[in-house]
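Right, one structure below, let's go through it.
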Amino acid sequence: MLRSKAFSLLKPIPLMSGQSNLAYKFIHPAIASHGHCCHRRSVDYRQRYKTHPGSAGERTISAPQTKVMAEEELPGVLILDIGGTHGVLENLAALLKKHFRLITMKEFLQNKKEMSKKIQSIFVFECRPTIDRELLESLPNLKVIGNSGVGVDHLDLKMISSFGVKVTNTPHAVADPTADIGMALMLASARRLVEGCQIAVSPDTKYFAVDWLGVEVTRATLGIIGMGSIGYRVAWRARAFDMRILYHNRNRRKEEEEAVGAHYCEKMEDLLQQSDFVMLVVNLNPETHKLIGKKELGLMKPTATLINISRGAVIDQDALVEALQNKVIRAAALDVTYPEPLPRDHPLLKLNNIIITPHIGTATVQAICMMAEEAITNMLAVLNGQPIPSEVFPK
């Protein structure tokens with residue numbers, strides 16, 4: 001992806017956080033010695049993810065403690081590559097090197113006999129390297145696959161588990177930036193920012209039309225489908241806009257709904273019928289595949305906007321094209337599609353009532369670094385036989 005090249009040009013900047021201390025008591029892992037990658041944080045070496053207040057502007061973390069070892073003694077971690085179009089960013093590779101011996105896929109393939117014995121973990125960055133049966137069969141000492149990111153639909157969890165290998169993800173590091181992009185898409189779509197920018201800079205523009213209007217987010221009704229850590233943070237942000245907040249979730253989250261003043265909709269249909277903005281914040285699994293189709297779009301208000309910050313396959317894209325073309329709903333704003341990127345002739349790309357961004361929910365300097373830190377914490381916990389903060393289990 002272009003994201004890898006873009007981030008390689010950026011220098012790390014200190015993390016600032018105005019994170020709320022209400023409900024969802026999650027923390028972001030870090031290893032205290034990574035001064036070169038992220039802002040140095042205070043670290044409480046405990047075995048579990050427990051939130052504990054830090055000083056203003058800081059997030060404190062719980063991570064398994066490890067002793068510094070010579071490189072040849074460090075456990076091997078397999079990565080696709082360092083740098084380039086799809087490789088691990090160089091600053092993240094430097095972070096990994098503090099705790100692992102890095103082995104690229106090229107090095108592994110060139111010397112399978114020796115390298116296969118050294119590899120105890122795999123760091124999956126931007127869905128790479130591909131984890132298949134052939135690879136797993138060639139790694140007899142593999143114990144853990146650390147996924148950088150929360151979504152694991154690119155991993156066959158049952159197959160991986162059959163090899164006795166654990167899978168971890170990074171839900172805590174992604175929550176805030178993904179919630180931010182959800183709010184950004186909602187505001188951009190409501191106020192038609194992309195179109196407005198094009199009008200403002202076009203050489204053909206002679207005047208600004210007085211009837212070129214958007215809609216307001218303030219005091220509108222937001223329906224959140226999926227009240228996990230990201231959905232909760234979206235709701236918290238929506239409070240600042242005095243929005244009426246509805247949510248649908250497999251399980252009612254009373255503590256969270258009370259904290260943000262949200263209303264629970266047991267039936268998703270009720271949420272769809274009442275909401276001015278519907279935001280999808282669910283994991284992709286067989287139950288959520290094409291969760292939003294022709295029927296669901298037909299239940300939405302003709303003035304409503306659909307926002308997707310989860311996975312592209314959660315929406316039936318053919319049904320969405322039809323709904324947007326026929327004005328069944330007002331607009332859509334997507335940070336995810338299926339596939340990514342869409343074919344250049346895809347009908348969604350030809351519509352003027354849609355915004356599509358290139359899956360940038362976690363594409364920030366801070367988030368990329370924190371995801372790597374959280375993945376490292378998870379992998380070290382597995383290798384050291386300690387409680388695993390973010391393990392993903394097959395269903």
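Throughout, numbering of the chain's residues begins at 1 and tracks the sequence. It should be emphasised that the depicted structure is a prediction, and the values quoted were computed from it without experimental measurement. Side chains included, hydrogens not; waters and symmetry mates left out as well; all remaining heavy atoms used.
Qualifying salt bridge (Lys or Arg N to Asp or Glu O under 4.0 Å) partners for E322, counting only residues two or more places apart in sequence or in other chains: K294. When the salt bridge (Lys or Arg N to Asp or Glu O under 4.0 Å) test is applied to K117, no partner is found at least two apart in sequence or on another chain.
Rounding to the nearest 0.5 angstrom, the gap separating the CG atom in L187 from the CD1 atom in I355 is 10.0 Å. Between T362 atom OG1 and M370 atom CE the span is 12.0 Å, to the nearest 0.5 Å. The distance from the CG atom of L185 to the CG atom of D180 is 11.0 Å, given to the nearest 0.5 Å. Once rounded to the nearest 0.5 Å, the distance linking CG of L280 with CD1 of I309 reads 8.5 Å. Atom CD of E391 and atom CG of N169 lie 10.0 Å apart (nearest 0.5 Å). Here D335 contributes atom CG and I356 contributes atom CD1; the two are 10.5 Å apart, rounded to the nearest 0.5 Å.
With salt bridges taken as basic N to acidic carboxylate O contacts below 4.0 Å, none links D276 and R219.
Across all non-hydrogen atoms, the minimal contact from I122 to P129 is CG2-CG, 3.9 Å. For N353 against L324, the heavy-atom pair with the smallest separation is ND2-O, 3.1 Å. Heavy-atom minimum distance, S390 versus H172: OG-NE2, 3.5 Å. Looking at every heavy atom in both residues, L306 comes nearest to L297 through CD2-CD2, 4.0 Å. Closest approach of A367 and T364 over heavy atoms only: N-OG1, 2.9 Å. The two residues F125 and G87 make their nearest non-hydrogen contact at CE2-O, 3.6 Å.
Cluster membership check: M227 shares its hydrophobic cluster with M279, using side-chain heavy-atom separations under 4.5 Å among Ile, Leu, Val, Met, Phe, Trp and Tyr. The cluster map of Ile, Leu, Val, Met, Phe, Trp and Tyr, joined by side-chain heavy atoms under 4.5 Å apart, puts I225 and V150 in different clusters. A single hydrophobic cluster is not seen to contain both V336 and L320; linkage of ILVMFWY side chains at heavy-atom distances under 4.5 Å, directly or through other members, places them apart. Follow the hydrophobic side-chain contacts under 4.5 Å out from M115 and you reach L109 in the same cluster. Under the 4.5 Å side-chain heavy-atom criterion for Ile, Leu, Val, Met, Phe, Trp and Tyr, V152 and L284 are members of distinct hydrophobic clusters.
A donor atom on one side chain and an acceptor atom on the other are not found under 3.5 Å apart for D81 and T104.
Counting only heavy atoms from C-beta outward, the side chains of L74 and H99 never approach each other to under 4.5 Å. Within the 4.5 Å cutoff, side-chain heavy atoms of L380 are placed close to those of F100. Using a 4.5 Å heavy-atom threshold, the side chains of H346 and Q317 count as touching. V165 is listed as a side-chain neighbour of I145, based on a closest heavy-atom distance under 4.5 Å. Taking the side chain as every heavy atom from C-beta outward, V88 and L80 never approach each other to under 4.5 Å. Between R237 and M186 the shortest side-chain heavy-atom distance does not fall below 4.5 Å. Between L78 and L142, every side-chain heavy-atom pair lies at or beyond the 4.5 Å cut-off. The shortest distance between side-chain heavy atoms of V215 and R330 falls below 4.5 Å.
Other residues, nucleotides and ligands contribute only 12 or fewer heavy atoms inside 6.0 Å of the CD atom of E134. Counting non-hydrogen atoms of neighbouring residues, nucleotides and ligands closer than 6.0 angstrom, the CD atom of Q110 exceeds 12 such neighbours.
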Exercise. Please step through side chain to side chain contact (heavy atoms under 4.5 Å, CB included) for the pair E107 and N111, ending with a clear verdict.
Key: CA-CA 6 Å; E107 292 170 333; N111 192 357; over 6 Å; no
Practice problem: Show your reasoning for whether side chain to side chain contact (heavy atoms under 4.5 Å, CB included) applies to N141 and I119. | Solution: CA-CA 6 Å; N141 296 323; I119 295 170; over 6 Å; no
Self-check item: V392 vs L155, side chain to side chain contact (heavy atoms under 4.5 Å, CB included): CA-CA, chis, key distance, verdict
Solution: CA-CA 11 Å; V392 183; L155 299 174; over 6 Å; no
Self-check item: Full working for side chain to side chain contact (heavy atoms under 4.5 Å, CB included) between F241 and L222
Solution: CA-CA 10 Å; F241 290 86; L222 170 63; over 6 Å; no
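The backbone N or O of V328 sits nowhere less than 3.5 Å from a side-chain atom of N326 that would complete a donor-acceptor pair. A donor-acceptor pair under 3.5 Å links the side-chain atoms of R233 to the main chain of S229, judged by distance alone. A donor-acceptor distance shorter than 3.5 angstrom exists from the side chain of K301 to the backbone of Q274, with no hydrogens or angles considered. Judged by distance alone, with hydrogens and angles left aside, the side-chain atoms of T305 form no donor-acceptor pair with the main-chain N or O of A332 at under 3.5 Å. Judged purely by atom type and a 3.5 angstrom limit, E256 has no side-chain atom pairing as donor or acceptor with the backbone of Y232. Between the side chain of T205 and the main chain of I199, a donor-acceptor pair closer than 3.5 Å is present. Put simply, the side chain of R252 never gets that close to the backbone of E257: no donor and acceptor are under 3.5 Å apart. Checking side-chain atoms of T288 against main-chain N and O of N283 turns up a donor-acceptor pair under 3.5 Å. A donor-acceptor contact shorter than 3.5 Å links the side chain of E340 to the backbone of T337. The backbone N or O of K143 lies less than 3.5 Å from no partner atom in the side chain of K166, so there is not a single donor-acceptor pair.
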For residues 188-198, please give each side-chain donor-acceptor pair under 3.5 Å, one per line with the distance, not counting sequence neighbours.
unit_1	atom_1	unit_2	atom_2	d
R192	NE	E195	OE2	3.2
R192	NH1	L213	O	2.8
R192	NH2	E195	OE1	3.1

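Sorted by first and then second residue, the ring pair (Phe, Tyr, Trp, His ring centres under 6.0 Å) pairs with a member in residues 199-221 form an empty list; sequence neighbours excluded. Listed by first and then second residue, the side-chain hydrogen bond (donor to acceptor under 3.5 Å, both in side chains) pairs that reach into residues 148-165 are N147-H154, D153-R311, sequence neighbours excluded. Residue pairs meeting the ring pair (Phe, Tyr, Trp, His ring centres under 6.0 Å) criterion with at least one member in residues 264-287, sequence neighbours excluded, are Y247-Y264.
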